[in-house]
Amino acid sequence: MPLHADILAAIRRIPRGKVSTYGAVACAAGHPGAARQVVGVLRRSVGLPWQRVLGSGGEIKLRGESGFEQRFRLEAEGVTFRGRRVDMKQHEFKFPRMGKKQTKKPRT
DNA sequence: AAGATGACGCCCG
DNA sequence: CCGGGCGCCATCT
């Protein structure tokens, strides 16, 4: 499974009103250390909840209008901020256990 | 193939 | 809290 597919899936699993971090997503996708690749996927893919992906500590790493955009969109989902960071203790989404491959269609 | 870059993460002063 | 440096992985020129 292409790494971007795993990352893509992980990002899509982030529920509304919750957020995650690049590193966490990469890890949840099964690619610890591939935080940068998470960024790549976010940029190339469209229709993803990119706003729910933040930097470590819940900090918005985007600059300029993009940063504002992200902040507003998150607040619109009910996410609260602590200064310039998202209140992670309240909105950090903990990815479910991922044994190996069984992540979506365990089907019989 | 090599060099440079990126919405990163973590350590150190 | 702030600034600086190094490591990671994939992509682009």
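Quick note: numbers below take in every heavy atom, side chains included, and nothing from hydrogens, waters or symmetry partners. Not measured: the values here are computed from a predicted model.
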DNA chain C: 5'-proximal contact among A:His31 and A:Arg85 (nearest heavy atom):
A:Arg85
Using whole Å, report how far CZ of A:Arg63 lies from C1' of B:dT5.
11 Å
Value in whole Å for how far the P atom of B:dC8 lies from CH2 of A:Trp50:
14 Å
A:Phe68/A:Leu62 under side-chain contact (heavy atoms from CB on, under 4.5 Å): CA gap, chis, key distance, verdict:
CA-CA 8 Å; A:Phe68 272 101; A:Leu62 276 167; over 6 Å; no
Does A:Phe93 have A:Arg52 sitting over its ring (NZ/CZ under 6.0 Å from centre, angle to axis within 45°)?
no
Here the distance between atom P of B:dA7 and atom CD of A:Gln70, to the nearest Å, is 12 Å
Is the backbone N or O of A:Gln51 less than 3.5 Å from a side-chain atom of A:Gln70, with the two atoms forming a donor-acceptor pair by type?
yes
Would A:Arg73 and A:Glu77 pass as an ion pair if we require N to O under 4.0 Å?
no
What is the distance, rounded to the nearest whole Å, between atom CZ of A:Arg84 and atom C1' of C:dC2?
11 Å
Given B:dC8, B:dA7, B:dG9, identify the nucleotide with an atom nearest to the side chain of A:Arg36.
B:dC8
Criterion side-chain contact (heavy atoms from CB on, under 4.5 Å) on A:Leu48 and A:Arg12, from CA distance to verdict
CA-CA 7 Å; A:Leu48 289 173; A:Arg12 289 189 184 238; 3.3 Å; yes
Euclidean distance, atom CG of residue A:Asp6 to atom C1' of C:dC9 [Å, nearest integer]:
14 Å
Using side-chain contact (heavy atoms from CB on, under 4.5 Å), reason through A:Val39 and A:Lys61 one step at a time and then give a plain yes or no.
CA-CA 11 Å; A:Val39 172; A:Lys61 304 298 283 187; over 6 Å; no
Do A:Arg82 and A:Lys89 have side-chain heavy atoms sitting under 4.5 Å apart?
yes
Can you tell me how far C1' of B:dC8 sits from CG of A:Leu62, to the nearest Å?
12 Å
Listing time: all N or O pairs from protein to nucleotides 11-13 of chain C that are below 3.5 Å?
from   : atom 1 : to      : atom 2 : distance (Å)
C:dC12 : OP1    : A:Arg44 : NH1    : 3.0

Checking all strands, does A:Gly40 fall into the base, sugar-phosphate, or nothing category for heavy-atom contacts under 4.0 angstrom?
nothing
Nearest-Å distance, CG (A:Leu54) to C1' (B:dC8)?
12 Å
Measure from NZ on A:Lys61 to C1' on B:dC8 and round the result to the nearest Å.
7 Å
